[in-house]
Number of protein chains: 2
Amino acid sequence: MAEVPSPAPTGDELLKVLSALGNPHRMRIVAALLESRNYVSALAREIGMGRPLLHMHLQRLEAAGLVVGTLELAEDGKAMKYFEVTPFFYELTPHVVARAAMTITETADRTAKEEAK
Amino acid sequence: MAEVPSPAPTGDELLKVLSALGNPHRMRIVAALLESRNYVSALAREIGMGRPLLHMHLQRLEAAGLVVGTLELAEDGKAMKYFEVTPFFYELTPHVVARAAMTITETADRTAKEEAK
DNA sequence: CGTGCCTGTCAGAAAAGGCTGACAGGTATC
DNA sequence: GATACCTGTCAGCCTTTTCTGACAGGCACG
């Protein structure tokens with residue numbers, strides 16, 4: 001059980017993880033969700049944050065594979081999206097970083113790309 | 001030798017490390033410096049980046065404790081700042097993140113703080 | 001003394017990220 | 001039908017980060 005991506009993550013993956021976790025709010029969100037899985041609105045109240053904003057942070061974390069959200073139907077029919085943290089594990093060393101750095105997708109070539117279309 | 005801050009980093013420390021490493025340029029800088037320590041101007045040429053910009057990235061990495069710079073005097077008297085990577089090591093797990101999240105210095109309270117002074 | 005290479009910093013433009021209020025849809029209860 | 005929850009998205013503002021060009025100083029070589 002529990003897949004752990006430990007050893008050699010791809011550059012883009014590590015980049016998403018690090019930039020996702022490198023934010024005070026998102027770190028606290030992970031902390032809150034680790035204590036108990038929760039749905040968006042309740043979590044927003046708990047940590048005192050607007051829903052749209054929390055929503056944005058959550059999908060940033062989810063895009064990085066650090067949390068997962070499941071849309072569940074409560075008994076009374078209400079649709080609520082529960083989030084919980086993934087058992088992720090990354091080792092952060094110079095070697096790992098250097099290895100990942102080689103496989104970074106250049107997202108910085110918006111030159112003569114729009115026109116080609 | 002080589003101090004490794006592995007187990008339970010403070011929130012602010014982890015925050016600095018993650019946001020420092022969560023950037024494509026800075027990952028490449030670490031990669032380049034791991035191969036061989038280098039001074040600013042040469043490194044700038046090597047990775048094709050402006051000196052002022054590289055300078056900024058370097059001091060961001062240094063502030064996070066991931067690289068160290070030493071100002072050395074070459075034989076011909078020129079002052080050159082050599083950078084090299086630190087043997088850092090961080091474990092990234094939900095538990096570590098949650099633990100760090102509790103010790104985050106609220107830098108976001110510029111409310112009734114100026115007046116108190 | 002001009003040229004070259006080193007160091008650093010500064011102001012200001014450009015891009016990215018964070019944040020808010022308003023809106024739309026859904027289902028259940030009074 | 002009005003209220004009260006839940007979900008999501010969108011335009012627009014504001015702050016932070018990223019990036020560039022120009023400038024300062026230092027030391028050595030021709």
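Chain identifiers are assigned alphabetically (A, B, ...) following the order of the sequence lines, protein sequences preceding nucleic acid strands; residue numbering begins at 1 within each chain.
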Send over the distance from R51(A) CZ to dG8(D) P, rounded to a whole Å.
-> 12 Å

Rounded to the nearest Å, what distance is computed from the CG atom of residue L73(A) to the C1' atom of nucleotide dT27(C)?
-> 10 Å

Is there a donor-acceptor pair under 3.5 Å between the side chain of E62(A) and the backbone N or O of G69(A)?
-> yes

Side chain to side chain contact (heavy atoms under 4.5 Å, CB included) between V17(A) and Y90(A), worked out | CA-CA 9 Å; V17(A) 170; Y90(A) 290 94; 3.5 Å; yes

Of all of residues 36-43 of chain B, which get a heavy atom below 4.0 angstrom from DNA chain D, listed by number?
-> none

Do other residues, nucleotides or ligands put more than 12 heavy atoms under 6.0 Å from R37(B) CZ?
-> yes

Under-4.0 Å side-chain N/O to phosphate OP1/OP2 contact, K81(A) with dG8(D) | yes

ILVMFWY cluster, M49(A) and M27(A) together (side-chain gap under 4.5 Å) | yes

Report the distance from atom CD of E46(A) to atom P of dC6(D), rounded to the nearest whole Å.
-> 13 Å

State whether the side chain of T10(A) and the backbone N or O of D12(A) hold a donor-acceptor pair below 3.5 Å, judged by distance alone.
-> yes

Yes or no on side chain to side chain contact (heavy atoms under 4.5 Å, CB included) for R26(B) and L21(B), after CA distance, side-chain angles and deciding distance?
-> CA-CA 6 Å; R26(B) 287 192 285 262; L21(B) 247 30; 5.6 Å; no

Chi angles and distances behind the side chain to side chain contact (heavy atoms under 4.5 Å, CB included) call for R28(A), I47(A) = CA-CA 8 Å; R28(A) 286 206 205 89; I47(A) 60 183; 5.6 Å; no

d(CD, E72(B); C1', dT7(C)) in whole Å | 14 Å

Interatomic distance where CZ belongs to F83(B) and C1' belongs to dG8(C) [whole Å] = 11 Å

Whole angstrom is fine here: how far is it from OH in Y82(B) over to C1' in dC6(C)?
-> 11 Å

Derivation and outcome, side chain to side chain contact (heavy atoms under 4.5 Å, CB included), residues L33(B) and N38(B) = CA-CA 7 Å; L33(B) 286 183; N38(B) 209 343; 4.1 Å; yes

Contact state string [nucleotides 18-23 of chain D, B base, S sugar-phosphate only, - no protein heavy atom under 4.0 Å] = SBBBB-

R99(A) atom CZ, neighbour heavy-atom count above 12 within 6.0 Å = no

N or O in side chain of H55(A) less than 4.0 angstrom from dT9(D) OP1/OP2 = yes

Closest-nucleotide 5' rank along DNA chain C - winner of M80(B) and D76(A) = M80(B)

Please give, in whole Å, the distance from dC5(D) P to E75(A) CD?
-> 17 Å

Can you check the I29(A) CD1 to dG18(C) C1' distance for me, whole Å?
-> 12 Å

